[in-house]
Structure formats: C-alpha cells, structure tokens
Amino acid sequence: MTAAHSAAPTTADQPEPLWSPGPDRIEGARITRFQAWAAERFGAPAAVPADPAASYAALHQWSVEELEAFWQAVAEWFDVRFAAPYETVLADPAMPGARWFPGATLNYAEHALRAGEDPARADTPALLYVDESHEPVPVTWAQLRRQVGSLAAELRRLGVRPGDRVSGYLPNIPQAAVALLATAAVGGVWTSCAPDFGARSVLDRFQQVEPVVLFTVDGYRYGGKQHDRTGTVAELRRELPSLRAVVHIPLLGTPAPEGTLEWDVLTATDGTPAEPVFEHVPFDHPLWVLYSSGTTGLPKAIVQSQGGILVEHLKQLGLHCDLGPGDRFFWYTSTGWMMWNFLVSGLLAGATVVLYDGSPGHPGTDAQWRVAERTGATFYGTSAAYIMACRKAGVRPGRDLDLSRVRCVATTGSPLPPDGFRWIHDEVAQDMWIASVSGGTDVCSCFAGAVPVLPVHIGELQAPGLGTDLRSWDPHGRPLVDEVGELVVTRPMPSMPIRFWNDPDGSRYHDSYFEMFPGVWRHGDWTTLTSRGTVVIHGRSDSTLNRQGVRMGSADIYEVVERLPEIRESLVIGAEQPDGGYWMPLFVHLAQEAVLDDALRDRIRRSIREQLSPRHVPDEIIEVEGVPHTLTGKRLEIPVKRLLQGADLDKAVNPGSVDDIGLLRFYERLARERRTP
C-alpha cells in the first residue's frame, strides 16, 4: 500500500489529519484525471498539485455552480451510451420536478454488463458470492451476461413490459443481482425485500406497487441456522393478486411449490449464449422502487430513474470511491437496504462485486473482515455499529488477517464515532483511507463522504460530493459554517426521486422534503459544514435534543456513552412535555454481567458532562432489555419519543418495520406509569 505522507503542521484552525493520501495515490486517483480532463474540455478549475484540498474545493464549487456542464462531463467521461441523444442536460432545475437529459434513451443494465463485452474479461469474476462458509464462488462476466440475457428473454415471454414491477424476496445472492439486471434490461421496475422481513412488512411494501413477477427463496441461512420461509412465501402469493408468475429459488433444497417456475429452467441457455437485449427507455424511466423505513405508517415507495441512478452511481463509485476494473467491491448489506442497490452498481465501474449472504458476526465478530480477506476486497464498506462492535469485542483484524489489498474502509448507517476512526487506524492499518459517508435511501447515494485525494479527520466526513450543493441552514434558511444546522441540498441531484408510488399529486413527496424550505431539499439530519470544508453529521433533526434552545445530536451522546465497556447500546430521547417541560431520559442496554448501580450512573453522567457538556447530561438513566431498531438497523428514536409523549403503540410505529416490537412495549408502559398519579 502507498505510504501516507506526513501531515501538515497542526494549528488551531487546521488540526492534524488522522490520514492523508500520498502524492502517488493522489496522482493515480480517477478524480484527479477527471479534473484535468474537465478543465481542458469544460472549463473546470485545474488542480493545484501542492494543495489537494483547495483543488477539490474549487472542483466542487464548479460542479454545483455549473451543474449542467458538470453532469455533461460525467456522462462523457464515463462514456454513457445514449441510444437517442439528449436535447439539453437540465431542462428544469426546480425541486421537486427537475427534468434531466430530456430526449435521451438508455439502459442501466447495458452499462452494468458492459465490462463483459471485453473478451479479455469474459472469464474473470463479475460477482464473488460468499456465504457463512466464507468460500468465495465466482460468477464470471460471461456467465452473468448469459444469465441476464436468458432471464430477460423469459420475462418478456411472461409478458413483462416496460414499467411493470418485478419483485424479489431474496437474500444477497447472485440470483438477486441477475433478477435486478434482467428486470432493468426489459425496462421493468425492480423492488426487493430481504427474507428476514415478515409477511406484513413485505406486503406493506409490495402491495403498493403491485408486482407482476415475484422471485423468492424457500428460506435462508443466518447465524449458522436455516430459516424456512415457505409459509411466508405462500402468504405473499395469496395477498399479491397482481402476480402473474412466481419464480422459485431452492436455497434450502425445497421442491418448487405448485404453480411456480424454477430459476434454473429460466436461466438455462442449453449451451447457446443468450446475449441480453436491452430496452432503451427514457432517461427518467423508473429503474427501481426503494422504501423508507416506514416507522410511522406505510413505507414511502421511492421511485428512482434509470438515467439518474446511472450517472449518480458512475460519479459516486468511479470518482468518489475510486473504483474501476481490478477492484473488488464489498459492502455488507441486505436486499432490503439501498446499499445493496449501490453495491450492485459497482458493476458499472467494471469492478468485481462481493455478495455476502450471512450474519455479520458468524462464526465470530470478525466475520466481515474474514470475508474481505478471502475475497481480496479493495474497497470494504460496513456499518458504524459493526466497527464499534469490533472495537468492544477486541477484534484485531490488522494483526490476525491479511488485509493488504483493502485500501478503503467505508462506513454508513449512522455517524462513525471518533473512537471508530481511531480503532480502524490502530487495529486495521495506519495507512487506511477511512470514508465515513452519509446519504440516504431517498437518493440512493451519498451527500458527503469519500474523496480519495483528501485527508481524513477524526469524526468528520471528508467533503460534500461533487454535484451536491450541500448546505447547513438555520431555521430561517440562512447558511451556517462551523455551526449545527439543517442538512439541505439547494440544487437538484439526478438520483432524487422522480416521484413516490401512489402519490398522484406529488403532495407526499413535497411534504417529505420541501415543506420546511420551499424548493430546497431538507433531508432531516443535523450537520455542521466546517470552514475547512469537512462535514459532521450529528443525527436526525426530527429527533433532535434541544435543551434551553441548544440543539444537540443524539450521535454525540451515543459516542461517549457506548465507549464505556458496561454499555452495549443506548438510546437518548428528548420529549417535550404538556406542561412545557422537557424530559431527556437515556436508556441503556447493558453488557453481560454489568449492573446499572449508582456508581455506573455517576460514571455515565460524568463522562457526558466532561466530554460534551452539562446540557447533554440526561434527566434519568434507565436500563432496558434492548434498543429497538428498524429492519435496516436504525435506532427508533422518533417512535420511542412519540410513545413517551403518550401516543398509542399502533399510532407511534408500524409494527412491520421494527426488529422486535416487544421492546417498544416497555416504553409504552413507562409512559403510562409516568402519567398515572
């Protein structure tokens, strides 16, 4: 690996970075070559080799001020294949309703499979599939193209037409990626749920979009155990009357139920290569439907476009993640999370995509690191929670495993605490690019995070993404620097939703992002944009702690509290009271053998007071059996807040979106007890 160059002298305004890329890494980065090319072709600012931070800042400013030139440059740099040319880059910049590349037609799957057109790469892995045995199984580019071609032809024979929805109740297996790409190839609209979702959760999602085909497994393996899903699949078939066909994938060896089609039959080529045929669709044609966590009602069915996702992911993966042919891209995810869609898009960059189907911690906490080692991953993404779990468990990947090929460890899902940065640096590799990134299902991308030519500072995201006009605003819409404010995006991004499903007048879409600041995307996170150009994410703004007018992010408290070895996980809530008061309890899930006595309570309070401020100290510290999460692993701060303010459980949360509904009953009882004189 390239050695990190020495950091610049530390000053009050310019703290010493944890890591900086060496000159050869900067010179070899794709974003460096892109900037030089865009300067020559589109008038972008030229890079200043002696000052990468100033170079990136200038490129970013150009990318948001000259939005059309930037996205045209991205399309040309990555050689986007337009079957019909576009009339203009951005016909209407209004949010919501921006119109990108009108007149253009293309196909996402054609670009995802393009690397396989090269005979030299036909027999190299496009996918590497790993289950809990940790034995990688390759799917070559030639095999992937054949399977997608064969399945796309079968979908057409089943009557699937552009705009029809195709659904998957599948784990993170190669068949899921093939089904997505075949759906996109015919112009269908893909949507998926992981098989750990119960029937009600799946139906809350799929019934909204009325799929015509369902791909499903008979079960899945997780944590060393088999989990049968045949009963759930039978219920899905009964409750989805729009289905014309169900495709059975026998992951556990169960025979195909009556009336279903067999995967192996649909993808068989009988020795004859089945080259995929791609339907060229308008740029804004729907590609897939993703879902919000749905904690307070039906999940939002978020529709993103073939063209918008294509150019956004090419930018994000090619320039920000610096991925290309020869890379192996691994992100721990499930098909129920947008990161799975993002992971499959690694094919756009010509990278080999690593699909891991299994528990993040089986047979040991270090399982993901072992997958990264076995697959030769060069870019490894995971959750901040997993990093902190490894730290607590004393995992030492750098000592115990050969991770010499990994050049970047990326995290998302929640802000990576400072101790997480230090742990990766100390226990994985000191010369490790650490990319804490933040974005959302809503755009299926990142607003801020990875930049391969910039230094990494502890607790901070490196910078806003190119083409993303990220700002921090106060409640009056005034920009803030070095202060906490609302995360907003003031110019459109191509991957913003084209609409929500079943939202004919667009009111639900508008109210979700544009109600607070008309014409400006408000994401719902608290953020700080520093005067050095870095970004800090403090947690959700709609569950923000606000004591005496001072706003505080929950993530700051979690970082301090969960550093204590006795605390497994925590949940802090700030609840406005009917009498005008404000109650801020801290709920703690203790490690095994730990006891919440007065001494531990005092240590928690003292740690918060000394490391944050007296305002952050909770009113009460209460032990709980566990912290409730969404099915994608996010702490349920807002529903718990509503319960504590007296809402009924069925009004505060959608039970199908919760990992353990029983944990929420504690908070409901607590609220009732507090109201009883």
> Pairs in or reaching into residues 214-235: which pass ring-ring contact (aromatic ring centres under 6.0 Å, His included), with residues at least two apart or in two chains?
Replying inline: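 Residue pairs with at least one partner in residues 214-235: F215-W263, Y220-H227.
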
> Please, which pairs that meet ring-ring contact (aromatic ring centres under 6.0 Å, His included) have at least one residue in residues 302-326, sequence neighbours excluded?
Replying inline: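 Found H313-F342.
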
Which donor-acceptor pairs under 3.5 Å do side chains of residues 172-197 form with protein atoms, sequence neighbours excluded?
{"residue": "N172", "atom": "OD1", "partner": "W340", "partner atom": "NE1", "Å": "3.0"}
{"residue": "N172", "atom": "ND2", "partner": "Y356", "partner atom": "O", "Å": "3.3"}
{"residue": "T183", "atom": "OG1", "partner": "A179", "partner atom": "O", "Å": "2.8"}
{"residue": "T191", "atom": "OG1", "partner": "V289", "partner atom": "O", "Å": "3.1"}
{"residue": "T191", "atom": "OG1", "partner": "Y291", "partner atom": "OH", "Å": "2.7"}
{"residue": "S192", "atom": "OG", "partner": "T335", "partner atom": "O", "Å": "2.9"}

> Would F206 and Y169 count as a close aromatic pair, with their ring centres under 6.0 Å?
Replying inline: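 No, ring centres 6.0 Å or more apart.
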
> For the residue pair Y513 and H523, is the inter-centroid distance of their aromatic rings smaller than 6.0 Å?
Replying inline: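 Y513 vs H523: aromatic centres not under 6.0 Å.
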
> Heavy-atom count around Q226 CD within 6.0 Å, excluding the residue itself: above 12?
Replying inline: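 Yes - once you tally the heavy atoms of other residues, nucleotides and ligands closer than 6.0 Å, there are more than 12.
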
>> Looking at E262, I'd like to know if its CD atom is crowded, meaning that more than 12 non-hydrogen atoms belonging to other residues, nucleotides or ligands lie closer than 6.0 Å.
In response: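 Atom CD in E262 is not crowded, with 12 or fewer foreign heavy atoms closer than 6.0 Å.
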
For the residue pair [Y] / [X], report whether a side-chain donor-acceptor contact shorter than 3.5 Å exists.
X: Q147; Y: T267; result: no
X: S495; Y: Q304; result: no
X: H280; Y: N107; result: no
X: S345; Y: Y108; result: yes

> Can you name the salt bridge (Lys or Arg N to Asp or Glu O under 4.0 Å) partners of R161, sequence neighbours left out?
Replying inline: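 Checked R161 against salt bridge (Lys or Arg N to Asp or Glu O under 4.0 Å); zero matches.
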
>> By the salt bridge (charged side-chain N to carboxylate O under 4.0 Å, His left out) test, which pairs, at least two apart or in different chains, include something from residues 317-335?
In response: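 Salt bridge (charged side-chain N to carboxylate O under 4.0 Å, His left out) check on residues 317-335 returns R30-D322, D327-R407.
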
> ring-ring contact (aromatic ring centres under 6.0 Å, His included) with W501: which residues, sequence neighbours excluded?
Replying inline: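 With sequence neighbours excluded, W501 shows a ring-ring contact (aromatic ring centres under 6.0 Å, His included) to no residue whatsoever.
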
